[in-house]
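First up is the structure itself, then whatever we jot down about it.
Atoms within a ligand are numbered from 1 in the order they appear, just like the ligands themselves. Reckoned from all heavy atoms, side chains included, excluding hydrogens, waters and symmetry mates. Bear in mind the structure is a predicted one, so any value in this text is a computation, not a measurement.
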Amino acid sequence: MTVGRALWRDQLSETEQASLSPGLPDNLNRRPDVLVVGGGIVGVATAVACVQAGIGSVVLVERDHFGAGASGGAAGLLIPEAHAHVDAPVLVNLGRLSLTNWQELQRILPGGVGLMHLDWREPDGTHHPQGRLNPLRAIASLARELEGAATGVNVTGVAVSGGRVQAVQTSAGEFTPGTVVFATGTPPRLEGLELRLPSHEVKGHMLVSEPTSLALPESVSGYASSIDGGRILIGGTLDHGDDERVVRPEIIANMWSDLEAAWPPAHEIRISHQWACFRPAHPDLLPVIDRIPSLRNAWLTSGHYKTGIMMAPATGRALAQWIGTGERPAEIVGLGIDRFSA
Ligand SMILES: Cc1cc2nc3c(=O)[nH]c(=O)nc-3n(C[C@H](O)[C@H](O)[C@H](O)COP(=O)(O)OP(=O)(O)OC[C@H]3O[C@@H](n4cnc5c(N)ncnc54)[C@H](O)[C@@H]3O)c2cc1C
């Protein structure tokens, strides 16, 4: 979950805010072809990808509001090139593919997804055209594409027999879907589901300043960014070992005083928003995108750590393709659950 006050919701229109909390529609399909559990950016993008792939009726359920988890507090940077030569090639390549998927969604969805251009520079000065978005705006835009979506629905258990999920129990009654995708941030702990893979969360603080006409110098560009309205964004920190659902004022103060030390005019600028959220992670810091072993009709995507906003559309498309064709797409080989079996 995201704690504190993130900037992103304040930037949304009332219509966009309403799209994040549709509640429980009376006519919600209880027997969809695909049930997606978890309304973070990955779950919403997966549900939309399944609709676009034409693999039948799709329902998305979320226990809170869409974007209530890590997604609603992320910085929203889409910079696959920052991961080149740093992270595993599978992550870099999926990230590059996903950025093109975001660009396509921006073109084809009515009103786009709020994708903004970001000019990202390598330490040697090489420029790359990358992207940035308000993650809640992107989620609201995607959620509007879904006919079957509900919030305030907590998934509590599954009934399994014959190697298939036959039913999904929720706080709003039972669903009997053809296929289930769990996109719950970290892997779900559900009655009836045998799924034990190692995961944890890494807390991160973020802050945004009041709008300012002062221009950030190039020397702090690796630490602080100028965003819409002349605001300054800093974060996120890596607060290993701190799982408490609170914003720590001393961490926010340190983040700002680091900026002031490098750029004294920051002393005149006030902080307007401060928040913390929790990156879902597996021990190797790579996501899982896989069918659940021993279940023919259940998939899991989890542990997107620092790059779930960037990865969401490519992850969703890979899952939709796998569900539709029965074949694991090549771009996600290496992101399986079996890497933890040893
Ligand atoms: C400070 C910070 C900055 C970040 N910046 C970036 C960035 O710039 N770019 C980037 O790409 N990534 C960034 N990330 C990472 C990104 O936020 C995550 O990787 C991404 O949000 C994960 O998305 P998700 O949909 O998998 O998980 P979540 O957003 O956590 O969504 C999972 C959802 O599932 C729901 N859920 C869980 N269990 C159940 C259940 N039983 N029943 C119903 N619903 C359930 C939860 O309520 C939640 O809404 C950042 C993260 C942090 C913390």
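Taking distance alone, with nitrogen or oxygen atoms compared against 3.5 Å, G76 approaches ligand 1 more closely than that limit. At least one N or O atom of V42 sits closer than 3.5 Å to an N or O atom of ligand 1. Looking at R63 next to ligand 1, an N or O pair under 3.5 Å apart turns up. Among the atoms of I309, some N or O lies under 3.5 angstrom from an N or O of ligand 1. The shortest N or O to N or O distance between G73 and ligand 1 is not under 3.5 Å. Among the atoms of L78, none of the N or O lies under 3.5 angstrom from an N or O of ligand 1.
Nearest-residue assignment for atom 17 (O) of ligand 1 (options P280, G303, A74, G157; heavy-atom criterion): A74. Here the shortest heavy-atom distance to atom 53 (C) of ligand 1, taken over A68, C277, G204, belongs to C277. Nearest to atom 12 (N) of ligand 1 by heavy-atom distance, out of K306, R279, E62, is K306.
Which parts of ligand 1 touch M206 is read off a 4.0 Å heavy-atom cut-off, strictly below it: atoms 1 (C), 3 (C). Atoms of ligand 1 lying under 4.0 Å from any heavy atom of M310, numbered from 1 in the order shown and given with element: 10 (C), 11 (O). Near L77, meaning under 4.0 Å from one of its heavy atoms, ligand 1 places the atoms 7 (C), 8 (O), 9 (N), 10 (C), 11 (O). Each of the following atoms of ligand 1 lies closer than 4.0 Å to a heavy atom of A183: 32 (C), 34 (O). Residue N154 has at least one heavy-atom neighbour below 4.0 Å for each of these atoms of ligand 1: 40 (C), 41 (N), 42 (N). Using a 4.0 Å cut-off to heavy atoms of S71, the atoms of ligand 1 that qualify are 20 (C), 21 (O), 23 (O), 24 (P), 25 (O), 28 (P), 29 (O). Close approach to H304 involves these atoms of ligand 1, each under 4.0 Å from a residue heavy atom: 19 (O).
For atom 27 (O) of ligand 1, the nearest non-hydrogen atom of the protein is G185 CA, 3.5 Å. Of the protein's non-hydrogen atoms, the one nearest atom 5 (N) of ligand 1 is A75 N, 3.0 Å. In terms of protein heavy-atom proximity, atom 31 (O) of ligand 1 is nearest to G40 CA, 3.3 Å. Among all non-hydrogen protein atoms, the one lying nearest atom 34 (O) of ligand 1 is G38 CA, 3.3 Å. Taking atom 30 (O) of ligand 1 as the reference point, the nearest protein heavy-atom neighbour is A70 N, 3.2 Å. For atom 41 (N) of ligand 1, the nearest protein heavy atom (residue, atom name, distance) is V155 O, 3.0 Å.
The pair R31-E174 fails the salt-bridge criterion, with no side-chain N (NZ, NE, NH1 or NH2) lying under 4.0 Å from an Asp/Glu carboxylate O. Here D119 does not pair with R132 in a salt bridge; the nearest charged N to carboxylate O distance is not below 4.0 Å. Taking a cutoff of 4.0 Å between a charged side-chain nitrogen and a carboxylate oxygen, K203 and D243 do not qualify as a salt bridge. We find that E16 and R9 are not joined by a salt bridge, their nearest charged nitrogen and carboxylate oxygen being 4.0 Å or further apart. Residues R317 and E104 are paired through a salt bridge, judged by an N-O separation under 4.0 Å between the basic side chain and the carboxylate. Under 4.0 Å is where a charged nitrogen must lie from a carboxylate oxygen, and between D239 and R248 no such pair does.
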Could you go through V61 and V36, starting from their C-alpha distance and side-chain angles, then the distance that decides it, and tell me whether this counts as side-chain contact (heavy atoms from CB on, under 4.5 Å)? CA-CA 6 Å; V61 292; V36 180; over 6 Å; no

Evaluate T170 against N154 for side-chain contact (heavy atoms from CB on, under 4.5 Å), listing each step before the verdict. CA-CA 5 Å; T170 81; N154 185 28; over 6 Å; no

Residue pair V59, L28: steps toward the side-chain contact (heavy atoms from CB on, under 4.5 Å) verdict: CA-CA 8 Å; V59 166; L28 192 67; 4.0 Å; yes

Show, in sequence, the C-alpha distance, side-chain angles and deciding distance for T176 and R30, and conclude whether the side chain to side chain donor-acceptor pair (under 3.5 Å) test is met. CA-CA 6 Å; T176 51; R30 298 290 175 150; over 6 Å; no

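Under 4.0 Å from ligand 1, the heavy atoms of Y305 that appear belong solely to its backbone.
When hydrophobic clusters are built by joining Ile, Leu, Val, Met, Phe, Trp and Tyr residues whose side-chain heavy atoms come closer than 4.5 Å, directly or via intermediates, L190 is grouped together with L300.
No cation-pi contact links R196 to F340, judged by a cut-off of 6.0 Å to the six-membered ring centre and 45° from its axis.
Residue-ligand proximity: V153 is placed with a non-hydrogen atom under 4.0 Å from ligand 1.
Side-chain contact of H304 with T301: a donor-acceptor pair under 3.5 Å is present, judged by distance alone.
Counting heavy-atom neighbours within 6.0 Å of E194 CD, excluding the residue itself, gives a total of 12 or less.
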